[in-house]
Structure formats: structure tokens, C-alpha cells
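Worksheet: one structure, shown below.
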Amino acid sequence: MKVYKFGGASVKSAEGVRNLKYIIEDQSELFIIISAMGKTTNALENVLDLFYKGDKQGAADAITQIEGYHATIMDDLFGAGVVPAPVAELFAALRQTVAEGVPASREWECWYDALVSYGELISTRIISEYLNSQGVTNRWIDMRRTFVTDGNFKYANVDLIATKRLLDKAVNEATESIYIGQGFIGATHTGETTTLGREGSDYSAAVVASVMGAESLAIWKDVIGVLNADPKIFDDAQYIPELTYLDAIELAYSGAQIIHPKTIKPLQNSDIPLYVRPFGDKFAPGTVIKNVIDRPVEIPIRILKRKQVVMSIQPNDFSFVLEERLAKIFTILEDYNIKVNLIETSAIKMSLCVDNSRHLPRVIEEFNRYGFTVAHNEGMELLTIRGYTEELLDRYIRKGEVMVQRSQTLLRIVRPEGSEL
Ligand code: ASP
Ligand code: MG
């Protein structure tokens, strides 16, 4: 079995759906995970906001717009005005939930999952129906019946053992050899719909690949593969043919928007190669991410992470930053979900580079309460260079950098946002 994943951008139009068909039509024993079309998830978040505020009419109108967008795609795929019955049923169910639902009867997160999950249900139904109509026989799989999660709504965690059992069963029962399922969604043991966190479809695909013991996972994207820098930021970005899982995790951790570390983990555990492939070119190799690679990355990789804050934390009594005080510092950071990207310590001071967060004022208050003085500096960025060269060292290390850390392979610089690239 292979697993393919298509994101919202690759199925945002009828042309995208036709291209998906072209990519998959010569495959069998294939599990396809698909996201909501285009920006549908954002649009559904808007429906939720209106619904939760009690503006039912506004929510219904917003659904009409979402329906209109999908109708344009269906007109093109099936002929003017044709809406396959399963798709019509989904829109009707969404409308009914919004019309009859009582916002206060459930937690906001629970409503979030109940409504926002329709994006993936609708996209997969449209695509499954289209492929069937074109002779590419496939089985639509309802991931709410196969992807078992806990009840942590909006950020649900997958129960791998229960999921494996149900997925195996669904696949074994199907006479087709192409399966189409939704990314991003699942359900609790008691059948309440859940979602896995925004951008969660890659993770869904990784879990499917891992529990099914797939030979590989391919994520089809609007890129030629993984590059050594974000082409929107650096104009000399270059393509990388192969990466190790560890490279990929480190890059993701430094802020590269390729693949979430959470996605890599299940694949690494089961040693399943991950391909990042261009959906515009079915035969291009893309980038492969795996345990052992033949062609180590020989070009420096640069990652820029913006919206950083540097905090300098000093105990008021000028005591050393003793161990139990260090533990306190990290407990507070963890309590507020502050992501720490770089740490520097001295006898009397600890400096941290963290992602900016709306909780920072509270965090600083807490630090003060425990006897620390905090100086903080917003508007910073973190530049990470893996495999840096002398030339890049010269280029980027100048006076005035706020923090610098350097190991044999990794150079990390915290500097004012907008510094020279
Ligand atoms: N549709 C969801 C989102 O936009 C999940 C995904 O695309 O990965 O966040
Ligand atoms: Mg997406």
C-alpha cells in the first residue's frame, strides 16, 4: 500500500481535481488523504464564529457561499447544476446542524470540530464521486468511523491501536483498491467528531501510512520538493533531493514550513520514506525524506523564523540561577505554551529566544512574582543555518547580534527583524 496526500491548494479547483485523477489513475493499493478544498477550512471557521455568536442567518449565508464555491467546481466536473447525492446530503446536514444547534449546549471546541470537519467530508466526497464517474473506482472512507481519537476537541490525539484495527477492517471489506479518506478529522470512541489541529492532514496521512505499514507516503504540493530556504524570503533557494528524518525534524523545529515534526515521527518510527512531490509534475522525483540517504545535503540550509522575542531573566537577589529556579522558569513557560527556540545562560542571567505569544505579559508577571527581573525585546527574528560556510559566517555575524549560537553544523543568530538576508 502507498499513501498519497493532497492539500487544499492542490484541489482548490476543477483543474486541480482533474490533475489529482491524472496523478493517481494508474495506481492501485493506494490510500489517498485529502484536505478541504482551497480556503474552505477558514470559511468554516467563519461559519462557526457566526453560529456561536447566535447569528444563524449570517452562518447560513456563509454556508451558501461555501456551497457556491464547491458548486462551481462540481459544475465543471459533473456538468452544470449536477450535485452528487452524497455531497448534497453533507451540505444539508451542515445546514441542519447550524439551524438546530444550540451553541451553549456544547463547548466551543466541540462545535468547532462538528462544523469545521465538513470541509474534508465535502472535498473527499466530490473527488471520490468524480473519480468513480471517470472509471477510477474507489472507496470513500469516513475517517470519523476509522480514525479513533481522544476527546481533546480541536487538538485530538489518535488512538493508534484502535485506528489500525478499524482501518484494516475498512480496507479489507472494500473490493476497490483505491481508498479515499479525509485528513484532519476523526472521532472519539463514542462517535463525536474531532479534528487534529490546523494543518493536520499531513499528520493524518502519516498515521495512515504508519498503521497500515505503507511502503511510502507522498505529499503532493505546490513546490518542486524541499528547498534549502523559503523561496518567498531568499531569492537563491535551491532544491534538495534527499533529507534524513533528523534533518527534516530539525528544519521544521527551526521554523521551516515544510513538514510538521509531528508528521515525521510516525514515519520515522516505522521507517517509511516520505516524498514531497510537485503536483504539477507527476514524474518529477521531488524530495525524499528517510532514515539513511545516499546524497547528503551539501548546500547550507537557511531558515528564518520571525516574530521572536528575547527575554533576559535575572533573579532579584543576584543569586546564581540555581537548579530549582531553572525548573521554575521552565514550568512557567510550559504553563503558557511558550515555545523556546534558543537558550543562553550565565551565572546570573538566562536569555531566551521565544515565539511571540499573547500570553507573554502574563508570563512576565509570573516571573516577577517569583523574584525574577525580566527585560524583553520584541521584533526579533531567528536565522538558523545548517551546514554554514565561512562565507555565510562572514555575511551574517556582525556586531549587534542579540544572540549567537554555533556548533559544528548549526549556526543560529537572533537579530532584529528585517535584518539583511
Ligand atoms: N483543512 C485543514 C486546514 O486547513 C487541515 C489541512 O489542510 O491540513 O487546516
Ligand atoms: Mg493544507
Side-chain angles (χ1 to χ4, degrees), residues 3-13 16-17 19-20 23 31-49 62-63 65-67 69-70 73 87 90-91 94 97 108-128 140-144 146-147 149 152-158 163 180-187 193-210 217-223 226 248 252 256-267 274-279 289:
V3 180
Y4 280 2
K5 183 259 173 178
F6 292 87
S10 49
V11 292
K12 66 171 192 257
S13 61
V17 176
N19 184 52
L20 178 150
I23 288 176
F31 205 116
I32 308 174
I33 290 291
I34 306 174
S35 302
M37 291 175 159
K39 303 260 177 261
T40 302
T41 304
N42 292 353
L44 285 163
E45 285 183 345
N46 181 41
V47 170
L48 169 79
D49 285 343
I63 295 174
Q65 277 196 17
I66 296 172
E67 206 166 1
Y69 161 64
H70 288 87
I73 294 172
V87 181
L90 284 169
F91 274 109
L94 172 60
T97 308
W108 181 84
E109 283 81 5
C110 205
W111 282 117
Y112 182 99
D113 291 357
L115 297 180
V116 173
S117 53
Y118 276 91
E120 270 71 10
L121 292 167
I122 293 164
S123 68
T124 50
R125 268 300 193 196
I126 294 175
I127 293 166
S128 168
W140 183 81
I141 292 191
D142 187 339
M143 299 304 264
R144 295 170 303 180
T146 47
F147 230 63
T149 73
N152 190 14
F153 293 100
K154 201 167 188 282
Y155 300 101
N157 304 293
V158 184
T163 299
I180 296 191
Q182 309 79 43
F184 180 55
I185 76 169
T193 305
T194 52
T195 65
L196 311 177
R198 284 302 305 262
E199 302 301 322
S201 291
D202 288 358
Y203 178 62
S204 297
V207 169
V208 171
S210 152
L217 164 62
I219 296 184
W220 296 83
K221 281 172 89 95
D222 190 11
V223 289
V226 177
Q257 307 260 301
I258 25 167
I259 307 289
H260 197 278
K262 198 175 159 187
T263 301
I264 308 230
K265 208 65 208 147
L267 299 172
L274 166 61
Y275 292 85
V276 177
R277 300 186 60 177
F279 67 72
I289 300 170

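Order of listing sets the numbers, starting from 1, for every ligand and every atom in it. Below, all heavy atoms of this structure are taken into account, side chains as well, without hydrogens, waters or symmetry copies.
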Open item on the list: For the 3.5 Å polar cut-off, considering only N or O atoms, please tell me whether Gly200 and ligand 1 meet it.
Closed with: yes
TODO: List in chain and number order the residues that pass ring pair (Phe, Tyr, Trp, His ring centres under 6.0 Å) with Tyr69, two or more places apart in sequence or in another chain; answer none if no residue qualifies.
DONE: none
- [ ] For Phe31, enumerate each residue passing the ring pair (Phe, Tyr, Trp, His ring centres under 6.0 Å) test, keeping only those at least two apart in sequence or located in another chain.
- [x] Tyr179
TODO: Going by the side-chain contact (heavy atoms from CB on, under 4.5 Å) test, name the single residue among Thr40, Thr97, Ile185, Thr193 that passes it with Tyr118.
DONE: Thr97
Task: Nearest option to atom 1 (N) of ligand 1, as decided by whichever heavy atom of Glu120, Glu45, Arg198 sits closest - done: Glu120
TODO: Check each atom of ligand 1 against the heavy atoms of Ser35 and keep those under 4.0 Å away; list them by number with element.
DONE: 6 (C), 7 (O), 8 (O)
- [ ] Check Ser201 against ligand 1 and report side chain, backbone, both or neither, counting heavy atoms closer than 4.0 Å.
- [x] both
Open item on the list: Only heavy atoms of Thr41, strictly under 4.0 Å: list the atoms of ligand 1 that pass.
Closed with: 1 (N), 2 (C), 3 (C), 4 (O)
TODO: From the options Thr263, Ile34, Ile33, select the one residue that forms a side-chain contact (heavy atoms from CB on, under 4.5 Å) with Ser204.
DONE: Ile33
TODO: Check the angle between the aromatic planes of Phe6 and Trp220 and answer parallel, tilted or perpendicular using the 30° and 60° thresholds.
DONE: parallel
